[in-house]
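Every number for a ligand or one of its atoms is a count from 1 in the order of the listing.
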Amino acid sequence: MALLFMSTFDKSEDWRRALTDALPELEFRKFPDETGDPAEVDFALVWRPKPGALLAYPNLKTIFSLGAGVDHILLGGGDLPKDVPIVRLIDAALTSDMTQYVVHWALHFHRSFQIYQAAQAEARWTRLPYPAAGERRIGILGLGVLGSDAARAFAAMGFDVAGWSRSPKVIDGVTSFHGADRLTKFLARSDILICLLPLTPDTQGLLNDERLAALPRGAFVINPARGAHVVDADLLAALDSGQIDGAALDVFAREPLASDHPFWRHPKVIVTPHIASHTTPRSAAAQVAANIQRIRRGEEPENQVDRARMY
Ligand code: NDP
Ligand code: OXD
């Protein structure tokens with residue numbers, strides 16, 4: 001039983017240890033040096049596989065994503081083996097780290113810490129009023145695993161929370177908007193907008209000038225989902241016009257973000273280098289191992305991606 005590890009970032013030794021501890025009979029092969037006979041490969045654990053690369057393994061039983069997102073597999077631009085399940089990571093540590101990230105920046109904007117940072121640079125003692133949490137409207141695009149956890153955390157802090165998803169949701173303290181025709185209404189009540197959508201053909205470029213204009217004037221945007229959700233030029237224009245008062249961005253259409261990209265130096269933009277939430281091999285390997293066991297028993301793996309929806 002062999003698993004091929006194919007990734008553009010190298011945590012291969014951590015994954016090797018974590019997976020072979022959980023499944024000593026598993027042969028862990030790192031692409032390309034340890035690939036061996038492609039016909040012997042049962043599973044692939046991947047991040048940004050080269051277009052078409054997975055077609056080379058005729059007996060592949062499952063493709064595991066090294067992240068929660070699967071756009072790096074499905075939108076990679078090449079053919080994929082048909083009828084091979086694609087499984088994404090759902091991991092408690094990854095989820096709570098993401099909630100920490102979005103809570104951190106939402107509180108930063110809610111309490112105007114960006115203004116205090118600028119005031120300190122000028123040794124200026126300025127005390128500002130701020131609205132009560134219940135008067136601040138948080139809007140979360142995507143109420144899936146990550147969005148719903150974040151929504152619950154904001155609701156527990158007393159914020160006025162709403163979320164937007166494809167299907168309706170029932171979450172205590174969270175107003176649910178669903179479907180394309182409710183997006184504008186949802187945006188109009190989002191003082192702090194947080195994007196936790198998957199990147200699909202439907203969500204690509206969602207945050208363009210029209211959507212940003214639908215937010216209340218002076219809104220804040222937090223995007224730890226995928227860079228291509230945002231039209232960079234439209235966000236920059238909205239920041240310059242005052243329509244958007246600040247943005248915290250963790251992900252970018254091209255990563256690493258080019259050193260001359262205007263986001264780096266824009267006074268209203270906070271850039272973090274795709275660190276909102278890490279996949280920790282120690283914690284995530286348990287899920288991959290459990291799924292491999294399931295497949296070996298002839299059961300369906302959990303957390304399968306719906307290829308038609310693309311998430
Ligand atoms: P889920 O699949 O659990 O949730 C996706 C949510 O988006 C669902 O609520 C879904 O609606 C909604 N959605 C999808 N398409 C549409 C649409 N067209 N219109 C309205 N709603 C839509 O994903 P996760 O919460 O696990 O992850 C979200 C993303 O976060 C990942 O895809 C990844 O890109 C990003 N991520 C970033 C990380 C980082 O470090 N920066 C780390 C981990 C993830 P419904 O529920 O109705 O299906
Ligand atoms: C993910 C990511 O999708 O880290 O898990 O971006």
Nearest-neighbour protein heavy atom for [atom], which is reported as residue plus atom name and distance:
| atom | value |
| --- | --- |
| atom 26 (O) of ligand 1 | R88 NH1, 2.9 Å |
| atom 28 (C) of ligand 1 | L196 O, 3.5 Å |
| atom 21 (N) of ligand 1 | R166 N, 3.0 Å |
| atom 48 (O) of ligand 1 | Y311 OH, 2.6 Å |
| atom 30 (O) of ligand 1 | L146 CD1, 3.6 Å |
| atom 4 (O) of ligand 1 | G144 CA, 3.2 Å |
| atom 29 (C) of ligand 1 | L197 O, 3.6 Å |

Report, in ascending order of atom number, the atoms of ligand 2 lying under 4.0 Å from any heavy atom of [X].
| X | value |
| --- | --- |
| H274 | 2 (C), 4 (O), 6 (O) |
| R226 | 1 (C), 2 (C), 3 (O), 6 (O) |
| A68 | 1 (C), 3 (O), 5 (O) |

Between [Y] and [X], is the closest basic N to carboxylate O distance under 4.0 Å?
| X | Y | result |
| --- | --- | --- |
| K30 | E13 | no |
| R189 | D160 | yes |
| D245 | K268 | yes |
| R16 | E27 | no |
| R137 | D191 | yes |
| E300 | R294 | no |

Could you tell me which atoms of ligand 1, counted from 1 in the order shown, lie closer than 4.0 angstrom to a heavy atom of [X]?
| X | result |
| --- | --- |
| R309 | 48 (O) |
| A68 | 43 (C), 44 (C) |
| G142 | 6 (C), 7 (O), 9 (O) |
| M98 | 37 (C), 38 (C), 39 (C), 41 (N), 42 (C) |
| H274 | 39 (C), 40 (O), 41 (N) |
| S167 | 45 (P), 46 (O), 47 (O) |
| D202 | 18 (N) |

Side chain, backbone, both or neither: which applies to [X] and ligand 1 if a contact is any heavy-atom pair less than 4.0 Å apart?
| X | value |
| --- | --- |
| V251 | side chain |
| V145 | both |
| H278 | neither |

[X] heavy atom under 4.0 Å from ligand 1:
| X | value |
| --- | --- |
| P224 | yes |
| D250 | yes |
| K169 | yes |

Identify which of R226, H72, R182 has a heavy atom lying nearest to atom 36 (N) of ligand 1.
->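 Looking at heavy atoms only, the winner is R226.
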
Pick, from S176, P198, A225, the option with the minimum heavy-atom distance to atom 5 (C) of ligand 1.
->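 Comparing heavy atoms across S176, P198, A225, the nearest one to atom 5 (C) of ligand 1 lies in P198.
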
Can you tell me which residue pairs pass the side-chain hydrogen bond (donor to acceptor under 3.5 Å, both in side chains) test with a partner in residues 69-86, sequence neighbours excluded?
->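 Residue pairs passing side-chain hydrogen bond (donor to acceptor under 3.5 Å, both in side chains), neighbours aside: S65-H72, D71-R226.
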
Verify whether one side chain among R166 and Y311 offers a donor that lies under 3.5 Å from an acceptor in the other.
->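 The answer is yes; a qualifying pair exists.
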
Side chains of Y101 and T272: do they bring a donor and an acceptor to under 3.5 Å?
->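 Result is yes, a qualifying pair exists.
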
Geometric N/O contact L143 with ligand 1, under 3.5 angstrom =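 L143 vs ligand 1: N/O contact under 3.5 Å present.
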
May I ask you to check whether F5 and F31 place their ring centers less than 6.0 Å from one another?
->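 Centroid distance F5-F31: not below 6.0 Å, so no.
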
Establish, yes or no, whether a centroid distance under 6.0 Å links the rings of H261 and W264.
->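 Not under 6.0 Å, so no.
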
Evaluate the side-chain proximity of F177 to L183: yes if any heavy-atom separation is below 4.5 Å, no if none is.
->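 No - every pair of side-chain heavy atoms lies 4.5 Å or more apart.
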
Relative to the ring of F43, is the ring of F64 parallel (under 30°), tilted (30 to 60°) or perpendicular (over 60°)?
->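 Rings of F64 and F43: tilted, as their planes differ by 30° to 60°.
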
What residues form a side-chain hydrogen bond (donor to acceptor under 3.5 Å, both in side chains) with T126, not counting sequence neighbours?
->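 Testing T126 for side-chain hydrogen bond (donor to acceptor under 3.5 Å, both in side chains), a comparison that skips the adjacent residues, returns R124.
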
Give a yes/no verdict on a cation-pi contact between R254 and F252, requiring under 6.0 Å between NZ or CZ and the six-membered ring centre and an angle within 45° of the axis.
->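 Judged by the rule, R254 and F252 form no cation-pi pair.
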
